[in-house]
Each structure stands twice: as C-alpha cells, then as structure tokens.
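So the structure is just underneath, and the comments pick up after that.
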Amino acid sequence: MTTETSAPTSHDSSSHASRPTRVRIAPSPTGDPHVGTAYIGLLNYLFAAQRGGKFVLRIEDTDRTRFVSTSEQMIFDALKWIGLRWDEGPDVGGPYGPYRQSERTEIYREYIQRLLDNGTAYKSFETAEELEAMRQSQLAAKQPPRYNGAHRELTAAQIAAFEAEGRPAVIRLKVPASGNTTFRDELRGEITFDHNNVDDQVLLKSDGFPTYHLANVIDDHLMQITDVIRAEEWISSTPKHVLLYKAFGWELPKFWHMPLLRNIDKSKISKRKNPVSLNYYRDSGYLPQAMLNFLGLMGGGMAQPTEQEIVSKGLNTKEGDIFSLPEMLEKYDFSRISLGGPVFDLVKLKWLNGEYIRKQSPDEFFATMRSTIFSDEYLRAVAPLVQTRLETLGQFGDMTSFLFSDNVMPPESVWLPKKRETADTLKFAEEQLTALEAAAWDTVSIDASLKKLGEEKQWSVKENFMLLRAIISGSTQSPPLLESLIVFGKARTLDRIRRFIAFQKLPKRN
RNA sequence: GUCCCCGUCGUCCAGCGGUUAGGACACCGCCCUUUCACGGCGGUAACACGGGUUCGAAUCCCGUCGGGGACGCCA
C-alpha cells in the first residue's frame, strides 16, 4: 500500500486498455487564455481523436481569490479560435457533468469524508499565517519548506476542542511516513519519490473548496479519464495524486507529462518575458492555423516527411515544418515527443504566420483582413474616436496608425515628462503595467486604477495619462486614451507597455 | 537548500551502434529586382564534459557539470 516497487499488474493494464480513451484539459479561469492551455489542449485533442476517444474540457475554478469572471468565456473562445473542439464541457454538456468544479463541491465533500473515515486524510487547524511563518523560517534555515505534521495524530478529543473553539480546519493528505511511491510516466518511464519528500498536501481548504489535487483526482476518476496529459510541472505532485487514487481504491490513469514551453532564457514561459495570452496573438494578427501549426512543432511529435514524400509531392524542404490540423491528426506521434523544453520562439512563429498569409489567395487574404483588423466591428469601434477630430478622411490614418501598427516606439522627447527623471519614469511605467494587468478592461476600471496609482506615487493625472498615451500611441497627440485602450485591447496594450520598458532598458548604443 | 525531470547548430526538430551529423527559423553572401518583401542558390554554426561497454558511440551505462520544474488553504 505504501510502497509500489513494481509496474502495475498485467490485470490492471489489460483492464485499462479496454476502457475507451478519455482525456481532458482543466484550465483555471484566472485571467487571459494561456498559450500553454492551447498547447496542452491541442495535444489532448490529438490524442483523443487519434484513438476515437473523447476530449473533455473541465473548468477548475476552485480558487475564489483568483477567479476572473470573464475568463471562462475567453478560454472557450480562444480554444475555438485556434480550431479545437471538445466533446464534453461546461458549454456543451455531457454525461459526466457538471464540468465546472465550483458546481461539484458536494461531490468533493462526500468523497473526502471517505478519506477521513479510512485514515488517509486528517484535519489540521493551523492558520494560514502560522503556516507561512513556519515556511519562512524553514526557508531561512535552508530547509525544504514542509508541513511539520503537528496535527497528524490529533485525538478525537483534541479535534473536538479545536472545533468547539470555532477554529477553521483544512483537510490534509496523510502521506505515509516511510516508503516511496513509484509511478509510470509514459514518456519517461518509472519515477520514484521518497515519501519523506512528499508533503501532507492540503486537500480541502478552510473555505470548503477542494485544492487542485483533490478535485483533479476525483473528477478524473468520475469522468473516466484514462490518460492524463498535462505539463511537466505536475510531475512532482503526481505522487500525491497516486496516493489519493490508492486511498480511494481507484484505478490509475496513465500519465503523460509534456515538456514545458519556455521563454528565450529557457525558464518556464511567463508573461513577463513573452506574450502568453492567446488574445494577444489573435489581436495582433496571427492566424489561428499558424499558431496551431507552431504549437504542433513544439515537442517534435510530428514526423518529418520522408524523402519519398518530398519527391512525390514536390515539397520544398521547409514544408516539413508546415502542416494543418488534419495532417497532425494523421501523423502526430506521441512516442516521438522529445523531452527538452522547447523555446517558444516568436521569430519562427512570425515566419510561419507569414507563410500562411502568403499562401492565401488574394480573395482569401482580403477576407482575412476584413474579418480581423478591418472588420466592420473593429472599424465601428475606432470611428467614434476620431470622427470629431477629422477634417478630411485622409487624416484617419494619421490619427489611428498606432492601432494598426506593431512597431510603435516613441523617442524619449515624447514620453519623458518635463519634470521627471528617466529611471523614475520607467519605474512608473512598470507600475502602470501592474495596475493595468489587474484592471477589468472598461474605461471606468482603467481610469480608477490609473488614478489610484497616480495618487500613491505622486504623479499628476496629466503626467500619468500622457506617459501611457506616449507608450501606446507613440505620440503626445492621440484619440482619447481610455477609449483607445479599450479598442486596442488589453492583451496588446500590456504587451506594448512591456516592450516599451524592455526596449528602454536595453543598453543604449551611440 | 531538498526532490524530480532534461541536455544535438543561437532557436525548433532529424538521428534511435558504423552518416561527409540532416532539415527549418535566424544570421551572412550571391542572384532576381526601380525599392522593400517574396523567391532561388550558397555559407557560418551543434553532439556539455569525463569515465566505461563495444571492433566501433551523438546513439547504451555511470559520474560530473549545466539548464529547468516542484517544494502554497494557486492551478
């Protein structure tokens, strides 16, 4: 029970193989739809479709503090934008719903009681503050931060006493004190973790919501998930999940941990160093087929065309890198995936996108333009910003070019306020960025968060707004700032500010 | 700090015991061209290091080093 030293028995694997393939992605609605979600989504989609299985979309909204109400719909839209469809999910329903974890809290409560009853989980009454203090002191002492297990063996009387005090509790997983857990990663083989390196993970928070670990195991079981295809960052918590499956007496799914997408410096892809919002790519004019193609390139699951194919189809050598979703369905091979974390290289993405643009017929290209940057919807939003400011229609381009350009980089004479230093101004720009990241994307919210920041930092509204105007429009003159930001979109706005700051911090030549 | 994963051109991939280590992006040069881009041709550029195993290692094993991830009442 506590130790697993051999592979699953043949009985287990044969019964496993007989189950119809079911996979899922489980994004969390905490902000913009993430490029990593699309990557893992694509892989899951391919995996299911190649095996005649089902692809499930489940929303993991158990963190009330990070919940963003607009996020779920953006996730649906973004995944549809790149061309993925799912068989079951909150929007399309299905036999294993509900597909939103916030609607499944009764289920989690019922199942965690089983764990409490069979002694594989326990109540723990420390406050978040106490735990944080403990973590800090462990970190300071260069010790691995871990729960000290103080409440692992509370008596019924002690628990009753805490509860009588009205102290809130969390429920933790009781990881066996000794032994180890081994599980199979389908890409890497067996991985073993010693139990003294596995923490007593919180399973149920004091607000009654489950953590990912609990909800994910229960839902994957209840939803009959056969293969868990997720990012590599989950490897180190997989032993906890395995322990949970065992505590419930459930059959394990297969685990496939995909290499993490990386920034140029090889760290895990992050918004500070790379645009990660799918909205950014959509709004900046990347074609969904190009994005999907590019994600398919990451990890190397696509076989290169054989010499025969190159000859018979008259392919150019570069066309080994260009393929559609149907071609991925046909050729993508999970056993080919290479484990080194692929750098998400914008330069190659842009090249690919250019290939797709050039491949379109003139009519198709026109249609693409008309449905994106020159759509009726977009122009309808832009028009009111400039109508009163125009004397001739020809001035439209002069006034709105920043909305249609990628390379906007004002000179210092434009963005630096008269009474400010360069360093202070850049610092303030970073604070604007942080404020805007947290803001809901409407004029009232943006206005409020900018003004709040200005007051805190002693920046006048004029200086504050003018700096942002310069960064976004490249000029001291522009259509009304807040309305322009709305039209321009949150993802592109944030990216433009980040790029401005990054550019200004570059060592100056001459 | 502890544990886990990974390691072929700058980047993405090929290679799965015997190759002049291949392709793509990027970069450089030449051609095409009124410009730019596209396109064509060519070029620079990698097996992290050290031990094994083997007649023979980029390929298998071990170690070192390097990179990454995890260590939350986040997912």
Side-chain angles (χ1 to χ4, degrees), chain A residues 26-31 34 36-37 59-67 101 124 126-132 135 138-147 168-172 180 185 187-189 191-199 201-216 230-240 257 259-269 294 296-307 310 315-322 335-352 354-355 357-358:
Chain A
S28 188
T30 54
H34 198 278
T37 302
I59 295 292
E60 306 238 343
D61 55 350
T62 57
D63 185 351
R64 296 182 312 173
T65 61
R66 293 206 308 156
F67 180 76
Q101 290 186 328
S124 165
E126 291 90 350
T127 65
E129 293 70 33
E130 289 167 350
L131 293 170
E132 184 55 28
R135 196 171 7 257
Q138 287 168 329
L139 245 18
K142 303 232 184 242
Q143 296 299 310
R146 290 195 51 197
Y147 177 59
V170 299
I171 297 177
R172 288 180 182 274
N180 58 267
D185 178 284
L187 264 14
R188 282 161 257 257
I191 299 175
T192 300
F193 283 82
D194 231 70
H195 285 158
N196 54 33
N197 290 316
V198 182
D199 207 357
Q201 181 63 49
V202 170
L203 301 175
L204 199 74
K205 307 178 224 177
S206 57
D207 66 2
F209 277 81
T211 58
Y212 169 85
H213 307 281
L214 208 227
N216 144 73
R230 72 209 329 179
E232 193 178 14
E233 56 188 330
W234 293 107
I235 288 179
S236 54
S237 44
T238 303
K240 295 168 185 174
H257 289 101
L260 244 20
L261 261 22
R262 309 296 183 95
N263 300 313
I264 318 89
D265 65 2
K266 298 277 192 179
S267 58
K268 173 167 109 171
I269 195 165
F294 184 65
L297 238 24
M298 305 277 89
M302 279 295 279
Q304 291 192 322
T306 61
E307 279 185 45
I310 292 174
L315 294 180
N316 190 306
T317 48
K318 73 186 178 189
E319 288 176 76
D321 279 351
I322 302 175
S335 71
R336 292 183 61 88
I337 287 169
S338 64
L339 267 11
V343 171
F344 191 91
D345 182 2
L346 261 339
V347 174
K348 185 149 186 178
L349 206 211
K350 274 187 193 156
W351 164 76
L352 239 194
E355 287 289 321
I357 288 175
R358 274 173 243 125

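These figures come from a predicted structure and were not determined experimentally. So that the names make sense, note that chain A is the first sequence line, chain B the second, and so on, each numbered from 1.
Straight-line distance from the NZ atom of A:Lys266 to the C1' atom of B:C6: 10 Å, rounded to whole Å. Rounded to a whole Å, the CZ atom of A:Phe67 is 15 Å from the P atom of B:C74. Rounding to whole angstrom units, CD of residue A:Glu232 and C1' of B:C4 are separated by 9 Å. What separates NE2 of A:His257 from P of B:C3 is a distance of 20 Å, to the nearest Å. One can place CD1 of A:Ile337 at 16 Å from P of B:C12, the figure rounded to the nearest angstrom. We find that CG of A:Asn263 is positioned 14 Å from P of B:U11, with the value rounded to whole Å. If you measure from atom CD1 of A:Ile269 to atom P of B:A75, you get 22 Å, rounded to the nearest angstrom. Distance, A:Leu139 CG to B:A70 P: 14 Å, rounded to whole Å.
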If you restrict it to nitrogen or oxygen atoms, what contacts under 3.5 Å exist between nucleotides 21-25 of chain B and the protein, and what is each distance?
unit_1 : atom_1 : unit_2   : atom_2 : d
B:G23  : O3'    : A:Thr317 : OG1    : 3.4
B:A24  : OP1    : A:Thr317 : OG1    : 2.6
B:A24  : O2'    : A:Asp321 : OD2    : 2.8
B:A24  : N3     : A:Lys348 : NZ     : 3.1

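Between A:Leu352 and A:Asp321 the shortest side-chain heavy-atom distance does not fall below 4.5 Å. Under the 4.5 Å side-chain criterion, counting only non-hydrogen atoms from C-beta, A:Pro144 is not in contact with A:Asp199. With contacts defined as side-chain heavy-atom distances shorter than 4.5 Å, the pair A:Leu260/A:Ile269 does not qualify. With a 4.5 Å cut-off on side-chain heavy atoms, A:Met302 and A:Leu297 do not count as touching.
Judged purely by atom type and a 3.5 angstrom limit, A:Arg146 uses its side chain to pair as donor or acceptor with the backbone of A:Asn196.
Looking at heavy-atom distances under 4.0 Å, A:Ser267 makes contact with sugar-phosphate atoms alone, never a base. Residue A:Val202 is in sugar-phosphate contact alone, with no base atom involved, counting any heavy-atom pair closer than 4.0 Å across all strands shown. A:Gly299 comes within 4.0 angstrom of the backbone, heavy atoms only, and of no base. A:Ser124 comes within 4.0 angstrom of no nucleic acid atom, judged by non-hydrogen atoms across all strands. Across all strands, A:Pro145 comes closer than 4.0 Å to base atoms (heavy-atom distances). Using a 4.0 Å heavy-atom distance criterion, A:Met298 is classed as a sugar-phosphate-only contact. Counting any heavy atom pair closer than 4.0 Å across all strands shown, A:Leu131 reaches a base atom. Using a 4.0 Å heavy-atom criterion, one finds that A:Ser338 contacts the sugar-phosphate atoms exclusively.
Taking atom C1' on both nucleotides, B:C5 is separated from B:G10 by 24 Å, rounded to a whole Å. For B:G43 and B:G23, the C1' atoms lie 16 Å apart once the distance is rounded to whole Å. Atom name C1', nucleotides B:C3 and B:U59: the rounded distance is 29 Å, in whole Å. Of the C1' atoms belonging to B:C36 and B:A45, the separation is 28 Å, rounded to the nearest Å. The C1' atoms of B:A48 and B:C41 are separated by 35 Å, rounded to the nearest whole Å. The same atom, C1', is picked in B:U19 and in B:C71; the two are 45 Å apart, to the nearest Å. B:A58 and B:G1 are spaced 33 Å apart, taking the P atom of each and rounding to whole Å.
Pair assignment for B:C16 gives none, since no Watson-Crick or G-U wobble pairing has each distance under 3.5 Å. Across all strands shown, B:G29 pairs with B:C41; the Watson-Crick or G-U wobble distances both stay below 3.5 Å. In a base pair of the Watson-Crick type (N1 to N3 plus N6-O4 or O6-N4) or a G-U wobble (N1-O2 and O6-N3), with each distance short of 3.5 Å, B:C3 is matched with B:G69. The pairing partner recorded for B:U11 is B:A24, the criterion being a Watson-Crick or G-U wobble arrangement whose two distances lie under 3.5 angstrom.
Side-chain proximity of A:Asn197 to B:C73, B:U2, B:C12: nearest is B:U2. When each of B:G69, B:C74, B:C5 is scored by its nearest atom to the side-chain atoms of A:Arg188, the top-ranked nucleotide is B:C5. If you check B:C5, B:U2, B:A75 against the side chain of A:Ile235, the one that comes closest is B:C5. Distances were taken from every side-chain heavy atom of A:Lys268 (C-beta onward) to each of B:A70, B:G72, B:A75; the shortest belongs to B:A70.
A:Lys205 has a side-chain polar atom (N or O) that falls below the 4.0 Å cut-off from OP1 or OP2 of B:C74. Remark: A:Thr30 is not in phosphate contact with B:C74, judged by side-chain N or O atoms under 4.0 Å from OP1 or OP2. Taking side-chain N and O atoms only, A:Arg135 has a distance below 4.0 Å to OP1 or OP2 of B:G72.
When the options A:Leu203, A:Leu204, A:Asn216 are evaluated for a side chain to side chain contact (heavy atoms under 4.5 Å, CB included) with A:Pro210, the one that passes is A:Leu204.
Aromatic ring orientation, A:Tyr212 versus A:Trp234: parallel (interplanar angle below 30°, classes split at 30° and 60°).
Interface remark: the A:Ser236 side chain does not form any donor-acceptor pair with the B:C3 base, using a distance-only criterion of under 3.5 Å.
Judged as a ring pair (Phe, Tyr, Trp, His ring centres under 6.0 Å), and not counting sequence neighbours, A:His257 has no contacts.
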* Criterion side chain to side chain contact (heavy atoms under 4.5 Å, CB included) on A:Arg188 and A:Glu232, from CA distance to verdict -> CA-CA 11 Å; A:Arg188 282 161 257 257; A:Glu232 193 178 14; 3.4 Å; yes
